[in-house]
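A quick write-up on the structure given underneath.
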Amino acid sequence: MASLKELKGRINSVKSTQKITKAKQMVAAAKLRKAQAAAEAARPYAQELAKVMASLAGKVSGDSAPKLLAGTGSSQRHLLVVVNTDKGLCGGLNSNIVKAAKIKANELIAAGKDVTFFLVGKKGRGPLRREYDKHIGDGFDTSTVRTPGFAEAEAITAQVIAMFVAGKFDVAHLVYPVFKSALAQDPVVTQLIPVPAPAISTDTGAVVEYEPGEEEILEALLPRYIKTQLFAALLEREASEQGASMTAMDNATRNAGDLIQKLTIQYNRSRQAAITTELIEIIAGAEAL
Amino acid sequence: MALHFELVTPARLVRSDDVYMVVVPGTEGEFGVLEGHAPFMSTVRDGALKIYRTEGAAPEEIIVQGGFAEVGANGLTVLAEHVEG
């Protein structure tokens with residue numbers, strides 16, 4: 001049995017851990033609200049762009065379509081853009097993202113395709129490198145800024161498109177977590193390049209005039225569309241990270257509370273046992289006289 | 001009799017207003033949009049949007065970068081990547 005002093009020490013250490021997890025939980029809750037607001041604010045732009053894309057993509061097709069829309073004509077080399085968080089303490093979020101990426105990668109490898117990873121965020125690097133060391137390509141570090149914004153999305157897109165133009169891959173997929181609630185963040189895999197034509201048809205029948213031309217506009221629009229998707233992924237990641245972190249830290253705080261309770265009971269018991277023993281010794285001594 | 005004008009960036013909805021006229025710096029020249037303009041789509045070069053709140057009023061200028069303008073049944077929508085002012 002641990003001595004009283006040891007028990008006291010343990011209780012104190014668990015208490016300070018609880019303080020830290022509690023603080024982290026509250027910070028995450030505050031940041032989550034901000035991240036959600038940011039995700040919401042980004043929606044009108046994405047919707048508007050998707051709408052315009054849909055109406056244009058239907059008009060421009062065949063050989064004249066830009067490569068970003070039509071693809072390279074082959075689907076041999078795949079790029080997986082995996083968006084992970086930079087910081088830990090967010091439960092199973094990162095391992096879930098990595099798991100989704102691995103499933104997709106294994107599926108593609110089994111089909112005889114070449115797979116390269118493009119890693120965004122710090123936390124996916126370790127586990128993916130362990131298994132797919134040969135496949136790890138480039139990456140983008142978002143840990144240098146506090147909250148990744150549109151500038152980062154722009155930089156990532158520039159890198160990815162440069163790789164596409166250089167002919168490094170044929171198809172790109174984006175793996176990122178979608179924030180559903182503080183309890184659920186599901187990783188999803190979507191196709192990034194070639195841009196899948198949005199399904200919504202918004203043909204109003206009105207004759208729209210295009211300046212300069214439909215193709216030129218589409219060509220200018222496609223990189224922007226990809227950028228917006230990456231930006232949305234970054235925002236979702238931010239919200240997911242804070243949500244997952246909040247839940248994980250809530251659990252940790254509760255566990256620490258349980259542990260403290262158990263240790264306190266043990267502490268009180270040992271203390272009482274010590275007092276009883278002492279009393280017995282005194283009484284026994286007095287009786288012996 | 002007003003034109004519904006929206007300016008949107010990836011980060012937020014910058015402006016959603018009813019105005020008299022907006023002059024947009026299109027890639028092939030500036031164009032003014034009044035209420036009832038025919039459906040029109042154009043890329044926008046980096047430059048200043050001029051917003052006339054009422055007829056003859058002094059224009060308000062917003063610098064946009066990397067933009068795209070759409071005129072539809074519900075007014076003018078400008079999508080810009082960066083906005084200043």
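Residue numbers start from 1 in every chain, and the chains themselves are labelled A, B, ... in the order their sequence lines are given, proteins ahead of strands. Given the structure is predicted, the values throughout are model-derived calculations rather than measurements. We use all heavy atoms of the structure for the numbers below, so side chains are in, but hydrogens, waters and symmetry mates are not.
- With a threshold of 4.5 angstrom between heavy atoms, B/Glu6 does not approach chain A through any atom at all.
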* Might you work through the salt bridge (Lys or Arg N to Asp or Glu O under 4.0 Å) test for A/Asp170 and A/Arg77, ending with a clear yes or no? => CA-CA 5 Å; A/Asp170 300 312; A/Arg77 290 158 306 155; 3.0 Å; yes
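- If you measure heavy-atom distances from A/Glu40 to chain B, you find no contacts under 4.5 Å at all.
- In this structure, the portion of A/Ala220 lying under 4.5 Å from any heavy atom of chain B is its side chain and not its backbone.
- Per-residue heavy-atom pair counts under 4.5 Å with chain A were compared for B/Ala38, B/Gly26, B/Gly66, B/Gly29, and the maximum is reached by B/Gly66.
- With a threshold of 4.5 angstrom between heavy atoms, A/Leu221 approaches chain B through side-chain atoms but not through N, CA, C or O.
- For A/Phe231 and A/Phe150, the ring centers sit closer than 6.0 Å to each other.
- A salt bridge links B/Glu60 with B/Arg15: the closest approach of a Lys/Arg side-chain nitrogen to an acidic carboxylate oxygen falls below 4.0 angstrom.
- A heavy-atom distance below 4.5 Å is not found between the side chains of B/Glu28 and A/Glu216.
- Below 30°, between 30° and 60°, or above 60°: for B/Phe40 and B/Phe31 the angle between ring planes is above 60°, a perpendicular geometry.
- For B/Glu70, the part lying near chain A is the side chain, with the backbone staying farther off; criterion is any non-hydrogen pair under 4.5 Å.
- Residue B/Glu30 places its CD atom among more than 12 non-hydrogen atoms of other residues, nucleotides or ligands, all under 6.0 Å distant.
- Contact of B/Thr77 with chain A is made through the side chain alone, with heavy-atom distances under 4.5 Å.
- The parts of A/Arg224 that come within reach of chain B are both its backbone and its side chain, each placing non-hydrogen atoms under 4.5 angstrom from that chain.
- The NZ atom of A/Lys31 sits 6.0 Å away from the NZ atom of A/Lys24 when rounded to the nearest 0.5 Å.
- The parts of A/Tyr210 that come within reach of chain B are both its backbone and its side chain, each placing non-hydrogen atoms under 4.5 angstrom from that chain.
- Residue B/Ala69 does not touch chain A at all, counting heavy-atom pairs closer than 4.5 Å.
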